[in-house]
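Here is the structure we will look at, set down as structure tokens.
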Amino acid sequence: MYKKLEISFPFNTSYSFKIRQSVEQRMKTSDKIRVAVLYGGRSAEHEVSLRSAANVIQHLDPSRFDVIPMGIDKQGNWFLGKDVFVNSLEQNEVKKLESHTWFAPEWIKNGVTKPVSGPPFDVVFPAVHGTLCEDGTLQGLLEMADLPYVGCGVLSSAVNMDKDVSKRLAREAGINVAPYLAIKQKEWQAKRDSYIKQIAKDIAYPLFVKPANTGSSIGISKVKTPEALQAAMDEAFRFDTKVLVEKALNVVELEIAVLESLEGHADPIVSVVGEIRPSHEFYSYDAKYLDENGAELFIPAPVDEVICKEAQTMAKKLFLALECEGMARVDLFLNKDDQKIYYNEVNTLPGFTQISMYPKLMGASGVSYRDLLTHLVTLAINKHEHKSQLIRSYTD
């Protein structure tokens, strides 16, 4: 159990030297590196995050790391402590325990500051998913606090969370993208009839309606007739102010795990190709997390070797084109009708649950769960050390 922390936001930027000094010392000695595993969050994927965090905590190498669970409740309050984590797992939601607040939004709103003594950890491992977690907002906070963290940076996190923007960049890189329209809520309300006609002409049915900025298939509907379109749009607009209407291809769903190399000049590590065969209409949230028979996972994917090589090449190309760092899971579609591979999305903070594809794909490629986590933490520390050498202010 950890004592109440007197740490404020905004963070004191004098942390930077203390963090680098602490990490360097611990890496040179027998002292363990303190890893804050972040879970929960103000996201529709709050509960999924708890499962990811539990597996990350279980598999981090105890000979190298001390684990400090750090939870964010649905109101945005932050808590430290193993007892908070245990209680959160029992409740399936981050719940406050007395004397465990790290910082609360009220401190920011009211401009209240408290003495700063430095964080009780060396690096942050975000085991969080969805909006306000993997869309660049959390990463921006950690950058401002000058804290090392696992995964992609601000730009890549934001770009890949937005399905519209990432598809535009993928298309610019020469990757096939299924026909789609991006529609903002106010535009839909003002020009609904015009959009309905455009959708029927340019996209055609069946189609998918997706919030632009969610993960885990939250808010996604498959629409087979024009009569069902409005309900699907209403559902998607519950989660975002921008929605994608995308042609439903006849596909094989492929996934590839990509891991940044510890050698800065080397190509990223690309896993074997996996296939997902959902038993539901599509790979929905229920199929992923609620129905134990919701999908069959095939690793490696039982597809032609030429297709696998093409998919791996495309995954590496997307990882680099979309400015990914650390790790990413690349989701592709193999269109059964024309045998072409299409971009679906890139997930910059993939799930680490017991059934998640990212660690399974890396495991099948020779990287154990424990080694994968050690690799990711090392990348985070190295990246922070490298960026700390940059000049952030300039004077003559």
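A salt bridge between Glu275 and Arg277 is present, with a side-chain N of the basic residue lying under 4.0 Å from a carboxylate O of the acidic one. Salt-bridge check for Arg329 with Asp331: passed, with a basic side-chain N closer than 4.0 Å to an acidic carboxylate O. Ion pairing between a basic and an acidic side chain is recognised when a charged N comes within 4.0 Å of a carboxylate O; Asp66 and Arg34 show no such pairing. Under a 4.0 Å N-O distance rule, the pair Arg238/Glu235 qualifies as a salt bridge.
Hydrophobic clustering keeps Val251 apart from Tyr180 (ILVMFWY residues linked when any side-chain heavy atoms are closer than 4.5 Å, directly or through intermediates). In the hydrophobic clustering of this structure, Val270 does not group with Ile299; members are Ile, Leu, Val, Met, Phe, Trp, Tyr whose side-chain heavy atoms approach within less than 4.5 Å, directly or through other members. Note on Val258: it does not cluster hydrophobically with Met362, by side-chain heavy-atom contacts below 4.5 Å among ILVMFWY residues. In the hydrophobic clustering of this structure, Val56 groups with Ile381; members are Ile, Leu, Val, Met, Phe, Trp, Tyr whose side-chain heavy atoms approach within less than 4.5 Å, directly or through other members. A continuous path of Ile, Leu, Val, Met, Phe, Trp and Tyr side chains, each step under 4.5 Å between heavy atoms, connects Ile57 with Trp78, placing both in one hydrophobic cluster.
Residues that satisfy the salt bridge (charged side-chain N to carboxylate O under 4.0 Å, His left out) test with Asp338, not counting sequence neighbours, are absent from this structure. The side-chain contact (heavy atoms from CB on, under 4.5 Å) test applied to Gln189 returns Gln185, Lys186, not counting sequence neighbours. For Arg192, the salt bridge (charged side-chain N to carboxylate O under 4.0 Å, His left out) criterion is met by no residue, not counting sequence neighbours.
Ser388 places a side-chain N or O within donor-acceptor distance of the main-chain N or O of Glu385, the cut-off being under 3.5 Å. Between the Asn250 side chain and the Asp337 main chain, no donor and acceptor come within less than 3.5 Å of each other. Listed for the Ser49 side chain is a donor-acceptor partner under 3.5 Å among the backbone atoms of Gly40. Formation of a donor-acceptor pair under 3.5 Å by the Ser365 side chain with backbone atoms of Val272 is found in this model. Not a single donor-acceptor pair under 3.5 Å links the side chain of Asn335 to the backbone N or O of Gln339. With hydrogens and angles disregarded, no donor-acceptor distance shorter than 3.5 Å links the side chain of Asn92 to the backbone of Ser88. With Ser43 contributing its side chain and Glu45 its backbone, the two residues share a donor-acceptor pair below 3.5 Å. Between the side chain of His375 and the backbone N or O of Glu260, at least one donor-acceptor pair lies under 3.5 Å.
Contacts classified as side-chain hydrogen bond (donor to acceptor under 3.5 Å, both in side chains) and involving residues 299-320 (residues at least two apart or in different chains) are given here: Asp267-Lys316. Among residue pairs with one or both ends in residues 152-170, those qualifying as salt bridge (charged side-chain N to carboxylate O under 4.0 Å, His left out) are Asp162-Lys242, Asp164-Arg168, Asp164-Lys242, Lys167-Glu246; sequence neighbours excluded. Residue pairs meeting the ring pair (Phe, Tyr, Trp, His ring centres under 6.0 Å) criterion with at least one partner in residues 309-347, sequence neighbours excluded, are absent. Residue pairs meeting the ring pair (Phe, Tyr, Trp, His ring centres under 6.0 Å) criterion with at least one partner in residues 38-66, sequence neighbours excluded, are Tyr39-Phe85, His59-Tyr369.
Pairing each heavy atom of Pro359 with each of Gly351, the nearest pair is CD-O, 3.6 Å. Contact between Val273 and Cys308 at its shortest, heavy atoms only, is CG2-O, 3.7 Å. Of all heavy-atom pairs spanning Val67 and Pro69, the tightest one is O-CD, 3.7 Å.
Of the inter-residue distances, the one linking Gln91 atom CD with Asp73 atom CG reads 13.0 Å to the nearest 0.5 angstrom. Between atom CD of residue Glu325 and atom CG of residue Leu320 there is a gap of 11.5 Å, rounded to the nearest 0.5 Å. The CD1 atom of Ile256 sits 9.0 Å away from the CE atom of Met357 when rounded to the nearest 0.5 Å. Between the CG atom of Leu50 and the NE2 atom of His129 there is a distance of 9.5 Å, given to the nearest 0.5 Å. Distance check: Arg171 CZ to Ser166 OG gives 10.5 Å after rounding to the nearest 0.5 Å. Taken from CD1 in Ile276 to CG in Leu297, the straight-line distance is 6.0 Å, to the nearest 0.5 Å.
With Val330 as the fixed residue, the side-chain contact (heavy atoms from CB on, under 4.5 Å) test singles out one of Asn344, Leu318, Asn347: Leu318. Checked options Asp61, Leu60, Val367, Ile33; the residue passing with Thr374 is Asp61 (criterion: side-chain contact (heavy atoms from CB on, under 4.5 Å)).
Counting only heavy atoms from C-beta outward, the side chains of Tyr358 and Met327 approach each other to under 4.5 Å. Side-chain contact check for Ile175 versus Met314: some heavy-atom pair is nearer than 4.5 Å. A 4.5 Å side-chain heavy-atom check between Asn55 and Gln58 finds at least one atom pair inside the cut-off. Two residues are said to be in side-chain contact when any heavy atoms from C-beta on lie closer than 4.5 Å; Ile307 and Ile341 meet this criterion. Here the side chains of Phe121 and Met70 are in contact, with some heavy-atom distance below 4.5 Å. The shortest distance between side-chain heavy atoms of Ile72 and Leu38 falls below 4.5 Å.
When hydrophobic side chains of Ile, Leu, Val, Met, Phe, Trp and Tyr are connected at separations under 4.5 Å, Phe298 ends up as a singleton with no cluster partners. Through direct or indirect side-chain contacts shorter than 4.5 Å among Ile, Leu, Val, Met, Phe, Trp and Tyr, Val243 is connected to Leu181, Ile183, Trp188, Tyr195, Ile196, Ile199, Ile203, Tyr205, Leu207, Val209, Val223, Leu229, Met233, Phe237, Val245. Met161 belongs to no multi-residue hydrophobic cluster, having no ILVMFWY side-chain contact under 4.5 Å with any other such residue.
Around atom CD1 of Ile391, no more than 12 heavy atoms belonging to other residues, nucleotides or ligands sit under 6.0 Å away. Arg370 CZ: more than 12 foreign heavy atoms inside a 6.0 Å radius.
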Under 3.5 Å donor-acceptor pairs involving side-chain atoms of residues 133-142, not counting sequence neighbours:
from, atom 1, to, atom 2, distance (Å)
Glu134, OE1, Leu349, N, 3.3
Glu134, OE2, Gly130, N, 2.8
Asp135, OD1, Leu132, N, 3.3
Asp135, OD1, Thr137, N, 3.2
Asp135, OD1, Thr137, OG1, 2.6
Asp135, OD2, Leu132, N, 2.8
Gln139, OE1, Gly136, N, 3.0
Gln139, NE2, Cys133, O, 3.2

Anything under 3.5 Å between a donor and an acceptor, one on a side chain of residues 147-157, the other on a protein residue two or more places apart or in another chain? List them.
from, atom 1, to, atom 2, distance (Å)
Tyr149, OH, Glu143, OE2, 2.7
Ser156, OG, Asn160, ND2, 3.0
Ser156, OG, Leu322, O, 3.0
Ser156, OG, Glu323, O, 3.3
Ser157, OG, Cys152, O, 3.4
Ser157, OG, Gly153, O, 2.6

Before you tell me yes or no, could you show the steps for Val252 and Lys336 under side-chain contact (heavy atoms from CB on, under 4.5 Å), namely the whole-Å CA-CA distance, both residues' side-chain angles and the distance that decides it to 0.1 Å? CA-CA 7 Å; Val252 175; Lys336 296 179 183 178; 3.6 Å; yes

